Number of protein chains: 2
Amino acid sequence: MVESLRLQPGSAGHIVYSQLKQQIVSLELPPGTALSEKEVSLSFEVSRTPVRESFVRLAQEDLVVVLPQRGTRVSLIDSELVEEARFMREQLEKAVVRLACESFPEDKLLELERNLSEQSESIEKHDGKHMFELDETFHRILFEGCRKVGTWNVLQQMNAHLNRSRMLWLSADPNWTNLYEQHREIVDAIRRHDADHAEREMQEHLSLIISNLAVLKEKHPDYFK
Amino acid sequence: MVESLRLQPGSAGHIVYSQLKQQIVSLELPPGTALSEKEVSLSFEVSRTPVRESFVRLAQEDLVVVLPQRGTRVSLIDSELVEEARFMREQLEKAVVRLACESFPEDKLLELERNLSEQSESIEKHDGKHMFELDETFHRILFEGCRKVGTWNVLQQMNAHLNRSRMLWLSADPNWTNLYEQHREIVDAIRRHDADHAEREMQEHLSLIISNLAVLKEKHPDYFK
DNA sequence: ACTACCATACTTGTATGGTAGTATGGAACT
DNA sequence: AGTTCCATACTACCATACAAGTATGGTAGT
């Protein structure tokens with residue numbers, strides 16, 4: 001999970017923000033959960049001020065909704081946003097992987113290989129949570145290698161919504177082996193400078209990470225808008 | 001300029017945020033300008049709390065940098081971010097305009113036509129500022145027509161940086177007529193469902209709105225990172 | 001039984017005082 | 001003259017008190 005360092009990492013405000021965000025995206029705080037500045041401030045043992053700051057930031061990312069004088073809740077999953085997140089990832093990742101096929105720094109390629117090894121291990125151990133993180137890291141390395149970190153960061157904002165639905169899907173049928181093979185194919189294509197193949201693989205790959213929203217919606221109607 | 005409505009529009013915090021953002025993007029507050037909670041709170045005649053909130057939001061968008069116990073400044077223009085903003089727009093707008101060629105709601109098409117008329121007027125009046133806004137609106141309508149508003153909104157976050165450099169360029173050589181012709185071509189292509197042509201036009205179009213960064217950097221070295 | 005009203009206990013929004021860290025300029029010393 | 005040290009005046013950060021809007025449950029009146 002990527003931490004945005006816009007506020008000082010050590011500050012109380014940042015800690016509350018990153019903790020809450022992690023809990024929201026991991027569904028530890030399910031969509032619709034009521035949050036109150038006071039309540040959260042008590043549990044974190046800080047005053048309302050840094051809590052409020054974190055709420056402001058989370059609201060900007062649409063992860064919470066603030067109803068003035070009424071309360072603050074973890075936002076429901078917006079199917080439109082999830083679909084748009086998939087759209088953004090498809091367009092940007094296809095473009096990035098094409099760039100990667102033109103030129104990609106050797107050290108980043110090694111990072112990808114190391115990442116793939118860890119993926120392989122995690123699959124054997126059936127460690128879905130770790131595999132999830134490794135998948136995120138894999139794609140981030142691609143953006144880093146193409147000097148598109150800023151792009152990756154704003155993409156993460158949308159991705160948070162997509163990831164919440166992936167989290168629901170996680171318990172069902174991850175099909176990690178398939179994802180691993182595709183990652184492998186993508187790296188190989190980059191090595192061969194085969195842009196067309198890489199793009200096609202990426203497209204397929206992304207179509208796999210997006211779950212069937214309708215099914216999830218039926219299973220957890222109270223989590224969706 | 002699009003207002004994000006994440007905070008209540010009426011609240012002091014939101015007002016300070018949107019005003020400051022507008023002033024930053026318009027270069028009314030040039031890159032590097034020192035801001036202080038106290039100073040701003042006095043000028044807006046509110047307490048430091050809502051000012052602080054606005055700083056948090058602006059920091060999240062990289063429009064200000066907060067140095068703890070040292071001060072807050074309007075961020076310098078980051079050439080990397082500007083380039084990435086161009087990259088993101090290129091990828092996403094090309095994809096969106098292709099979608100638009102498949103299907104585009106009639107009412108949005110009318111909005112585009114109205115927008116084009118206003119552009120024509122503004123060019124005659126040599127009203128660069130208004131033309132700038134109409135250009136933004138034109139592209140936003142495209143995203144709206146394809147049901148990609150969320151995408152447009154996150155794109156705006158990067159676009160803020162691009163727009164600051166466009167603002168510098170504004171005084172030089174806008175070449176609005178050329179931009180207008182391209183807008184015209186794009187709308188016609190959408191009507192004809194000619195995706196390939198639309199995409200090509202869009203690509204050219206976007207290559208035009210991005211100014212020569214090196215020149216700007218030389219002219220305003222203190223504005224850039 | 002039903003309705004209108006109001007006290008009360010919430011909520012977020014705002015103001016303000018205090019704390020700790022940082023830059024700066026001048027005084028004292030070498 | 002040059003260097004060190006320290007008082008002072010900033011800064012962002014945090015805690016707390018108050019203001020204002022909202023939901024709710026009980027009560028009085030019909």
Side-chain angles (χ1 to χ4, degrees), chain A residues 3-21 23-24 29-76 222, chain B residues 3-21 23-24 29-76 222:
Chain A
E3 299 295 338
S4 83
L5 304 172
R6 267 69 182 242
L7 235 56
Q8 279 318 296
S11 75
H14 176 82
I15 291 176
V16 175
Y17 163 75
S18 57
Q19 293 264 351
L20 284 180
K21 178 164 181 177
Q23 291 182 13
I24 292 173
L29 290 171
T33 306
L35 298 175
S36 92
E37 294 178 358
K38 189 167 188 177
E39 192 181 314
V40 175
S41 73
L42 287 177
S43 77
F44 279 92
E45 293 181 316
V46 295
S47 79
R48 275 184 52 212
T49 306
V51 173
R52 201 175 153 67
E53 278 181 19
S54 73
F55 280 17
V56 169
R57 299 183 66 182
L58 293 170
Q60 184 142 350
E61 301 181 22
D62 279 327
L63 290 176
V64 305
V65 291
V66 179
L67 302 93
Q69 275 69 41
R70 297 184 47 155
T72 302
R73 309 175 153 274
V74 177
S75 67
L76 298 179
D222 46 333
Chain B
E3 298 295 338
S4 83
L5 304 173
R6 268 70 180 244
L7 235 56
Q8 281 317 298
S11 74
H14 177 81
I15 292 176
V16 175
Y17 163 74
S18 58
Q19 294 263 351
L20 283 181
K21 178 166 180 175
Q23 292 181 12
I24 291 173
L29 289 172
T33 306
L35 299 174
S36 91
E37 292 178 0
K38 191 169 187 177
E39 193 182 314
V40 175
S41 73
L42 288 175
S43 76
F44 278 92
E45 292 180 319
V46 294
S47 77
R48 288 177 352 245
T49 305
V51 174
R52 197 175 154 65
E53 278 181 19
S54 74
F55 280 14
V56 169
R57 300 183 66 183
L58 293 170
Q60 186 145 351
E61 301 182 21
D62 278 329
L63 289 177
V64 305
V65 291
V66 179
L67 302 94
Q69 274 69 41
R70 298 183 48 162
T72 301
R73 309 175 155 273
V74 177
S75 68
L76 299 178
D222 46 334

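Predicted, not measured: the structure shown is a model, and the values here were computed from it. Within every chain, numbering begins at 1; the chains are lettered A, B, ... in the order of the sequence lines, protein sequences first and strands thereafter.
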Query raised in the report: With A/Val64, which of A/Val56, A/Thr72, A/Leu20, A/Leu29 fulfils side chain to side chain contact (heavy atoms under 4.5 Å, CB included)?
Result: A/Thr72
Query - Range-with-range stems for DNA chain D, at least three Watson-Crick or G-U pairs under 3.5 Å - result: C:1-30 with D:1-30
**Report entry** Any pair counted as side-chain hydrogen bond (donor to acceptor under 3.5 Å, both in side chains), so long as it reaches residues 33-45 of chain A, sequence neighbours left out
**Finding:** A/Glu37-A/Arg48, A/Glu37-A/Arg52
Query raised in the report: Hey, are the side chains of B/Lys21 and B/Leu58 touching, using non-hydrogen atoms and a 4.5 Å cut-off?
Result: yes
Requested in this report: Send over the distance from A/Tyr17 OH to D/dC13 C1', rounded to a whole Å.
Outcome: 19 Å
Report summary line: Nucleotide by nucleotide, nucleotides 6-12 of chain C touches protein heavy atoms under 4.0 Å in the pattern (B base, S sugar-phosphate only, - none) -----BB
Query raised in the report: Is the closest side-chain heavy-atom distance between B/Phe44 and B/Val51 below 4.5 Å?
Result: no
Query raised in the report: Any side-chain heavy atom of B/Val16 within less than 4.5 Å of one from B/Val46?
Result: yes
Query - Minimal non-hydrogen separation, B/Val65 against B/Ser75, with atom names - result: CG1-CB, 4.1 Å
Query raised in the report: Heavy-atom distance under 4.5 Å between the side chains of A/His14 and A/Gln19, does that happen here?
Result: no
Query raised in the report: Given side chains that start at C-beta, do those of B/Glu61 and B/Tyr17 come closer than 4.5 Å, heavy atoms only?
Result: yes
Query - Phosphate-side-chain proximity, B/Thr49 and C/dT14, N/O vs OP1/OP2 below 4.0 Å - result: no
Report task. Whole angstrom is fine here: how far is it from CD in B/Glu53 over to P in C/dT14? Result -> 7 Å
